[in-house]
Amino acid sequence: ERISVSSFLYDQRERERERVLALCLTQKESIFRHRTTCDSMWSDEGKNPYWVQEELRRRRLYVGGGDKSTGIDHNKECFILMGLLKDCGKSKNLYKGTRIHDMIVDKGLLGKNPYLARSLISMYAKCGAIWKAHKVLDKVPDQDIISWSIVISGYAKQGQGHDALKCFEEMVSRGSHPDAITFTCVLKACGTIGAIDEGKRIHDEIVTRGFLEKDIVLGNALIDMYVKCGKIGKAQEVLDDLPIRNIVSWSALISGYTDQ
């Protein structure tokens with residue numbers, strides 16, 4: 001396979017960036033250090049090479065100065081860690097994500113920023129370590145509905161429908177109120193394991209709360225759940241009652257009739 005000169009140079013530049021940009025969250029103001037020389041690449045931004053600043057902006061990690069006499073700004077620190085966790089989730093780099101998690105725990109940041117906790121949960125879910133995502137959620141003091149939905153969705157995507165339903169029941173028992181996204185995740189879990197009774201109960205709650213009138217994605221998930229549970233007639237009823245339909249709605253139902 002032929003490799004162009006431009007592609008080769010781009011790869012070389014990317015490897016050099018990765019070599020130099022290393023996370024080093026210390027007890028002082030410095031965030032990035034050169035891996036070899038350990039010179040600060042954050043405390044004096046004017047001395048940083050232009051491509052370092054470019055890379056920080058590309059990763060959305062570039063944050064302006066602040067008062068260095070006060071030490072680390074935890075908001076800035078959390079913001080940087082969130083960006084790194086997002087990269088780990090996209091690349092499915094569980095090893096690096098776990099190391100960042102250890103760093104967060106060591107610095108006592110997990111309970112200080114709910115957005116950081118959510119990013120950590122999302123990273124584990126995207127890396128397929130859903131049990132770790134659930135474990136992090138259990139330790140977070142402020143458990144928001146988005147974090148619960150991430151874990152429930154993660155279980156459903158891995159075919160662990162029973163665990164997804166248990167997680168949903170746990171969420172409700174702790175006083176959280178599911179939204180349309182949460183219901184969509186739970187319906188997928190019901191379809192995965194054929195839990196028609198639970199699916200019908202969720203359906204009733206969705207109707208009571210009026211979600212089907214304004215969320216076509218949820219309506220499609222409901223059709224798909226009934227199809228996977230072998231209740232084509234019920235899926236047809238849901239489709240007929242939907243105020244809005246799209247190609248996904250019809251495709252879900254057609255696939256059900258085809259499989260019969």
Side-chain angles (χ1 to χ4, degrees), residues 89-90 92 118 121-138 143-260:
K90 290 175 68 175
K92 300 189 185 304
R118 186 190 301 168
I121 292 168
S122 178
M123 181 278 295
Y124 277 128
K126 289 178 180 178
C127 290
I130 191 61
W131 67 272
K132 285 193 173 183
H134 198 167
K135 190 174 181 179
V136 172
L137 180 61
D138 286 338
Q143 300 170 329
D144 59 34
I145 192 64
I146 297 176
S147 298
W148 281 108
S149 297
I150 290 172
V151 176
I152 293 170
S153 176
Y155 277 126
K157 287 179 180 178
Q158 292 189 6
Q160 302 178 45
H162 292 290
D163 290 323
L165 293 181
K166 288 180 181 177
C167 187
F168 176 71
E169 292 171 1
E170 181 184 353
M171 180 198 75
V172 174
S173 68
R174 296 189 183 184
S176 296
H177 300 288
D179 58 9
I181 296 175
T182 313
F183 281 132
T184 299
C185 299
V186 176
L187 287 172
K188 182 175 182 178
C190 291
T192 301
I193 60 176
I196 186 61
D197 292 336
E198 182 67 17
K200 287 180 177 179
R201 189 180 69 80
I202 297 297
H203 184 184
D204 292 339
E205 188 169 351
I206 289 171
V207 172
T208 300
R209 298 178 63 173
F211 283 155
L212 287 181
E213 298 174 3
K214 50 189 176 182
D215 197 310
I216 190 171
V217 175
L218 182 57
N220 293 342
L222 193 55
I223 294 171
D224 185 64
M225 183 275 295
Y226 279 122
V227 166
K228 289 180 177 176
C229 289
K231 302 296 182 180
I232 306 300
K234 193 66 177 177
Q236 180 73 65
E237 290 179 17
V238 173
L239 179 67
D240 293 341
D241 292 339
L242 286 180
I244 304 174
R245 309 178 187 95
N246 60 13
I247 188 65
V248 177
S249 313
W250 290 103
S251 298
L253 185 62
I254 292 170
S255 66
Y257 281 116
T258 303
D259 293 339
Q260 277 194 326

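Atoms OG and CG, from Ser149 and Asp179 in turn, are 5.0 Å apart once rounded to the nearest 0.5 Å. Expressed to the nearest 0.5 Å, how far OG1 of Thr192 lies from CD of Gln160 amounts to 10.5 Å.
Remark: Arg201 engages Glu198 in a side-chain hydrogen bond (donor to acceptor under 3.5 Å, both in side chains) (not counting sequence neighbours). Judged as a salt bridge (charged side-chain N to carboxylate O under 4.0 Å, His left out), and not counting sequence neighbours, the contacts of Glu237 are Lys234. Partners of Asn246 under the side-chain hydrogen bond (donor to acceptor under 3.5 Å, both in side chains) rule, at least two apart in sequence or in another chain, are Asn220, Ser249. Partners of Gln236 according to the side chain to side chain contact (heavy atoms under 4.5 Å, CB included) rule, which considers only residues two or more places apart in sequence or in another chain, are Leu239, Asp240, Leu253, Tyr257. Qualifying side-chain hydrogen bond (donor to acceptor under 3.5 Å, both in side chains) partners for Thr184, counting only residues two or more places apart in sequence or in other chains: none.
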I'd like to know whether Ile146 forms a side chain to side chain contact (heavy atoms under 4.5 Å, CB included) with Ile121, so could you lay out the CA-CA distance, the side-chain angles of the two residues, the decisive distance to 0.1 Å, and finally the verdict. CA-CA 10 Å; Ile146 297 176; Ile121 292 168; over 6 Å; no
Test side chain to side chain contact (heavy atoms under 4.5 Å, CB included) on Val207 and Asp241 and set out the steps. CA-CA 11 Å; Val207 172; Asp241 292 339; over 6 Å; no
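When atom types are taken as modelled, the side chain of Ser147 and the backbone of Gln143 share no donor-acceptor pair closer than 3.5 angstrom. Between the side chain of Ser255 and the backbone N or O of Ala252 there is at least one donor-acceptor pair closer than 3.5 Å.
Under the side-chain contact (heavy atoms from CB on, under 4.5 Å) test applied with Leu187, the options Ile202, Ile223, Thr182 reduce to a single match, Ile202.
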Give every donor-acceptor pair under 3.5 Å between a side-chain atom in residues 123-136 and any protein atom, sequence neighbours left out.
from	atom 1	to	atom 2	distance (Å)
Tyr124	OH	His101	ND1	2.7
His134	ND1	Tyr155	OH	3.0
His134	NE2	Glu170	OE1	3.1

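Pairing each heavy atom of Val151 with each of Cys167, the nearest pair is CG1-SG, 3.7 Å. Contact between Ile145 and Pro178 at its shortest, heavy atoms only, is CD1-CA, 3.7 Å. Contact record, Cys185 with Ala156: O-CB, 4.0 Å, taken as the closest heavy-atom pair. When every heavy atom of Cys190 is checked against every heavy atom of Cys229, the shortest pair comes out as O-SG, 3.9 Å. Of all heavy-atom pairs between Trp148 and Ser176, the closest is NE1-OG, 3.6 Å. The two residues Gly256 and Val227 come nearest to each other via the heavy atoms CA-CG1, 3.4 Å.
Listed by first and then second residue, the salt bridge (charged side-chain N to carboxylate O under 4.0 Å, His left out) pairs that reach into residues 144-168 are Arg118-Asp144, sequence neighbours excluded. Sequence neighbours left out, the pairs with a member in residues 213-226 that pass salt bridge (charged side-chain N to carboxylate O under 4.0 Å, His left out) are Asp224-Lys228. Evaluation of the ring-ring contact (aromatic ring centres under 6.0 Å, His included) test over residues 164-221, restricted to residues two or more places apart or in two chains, returns Phe183-Phe211, His203-Tyr226.
More than 12 heavy atoms of other residues, nucleotides or ligands sit less than 6.0 Å from atom CG of Leu137.
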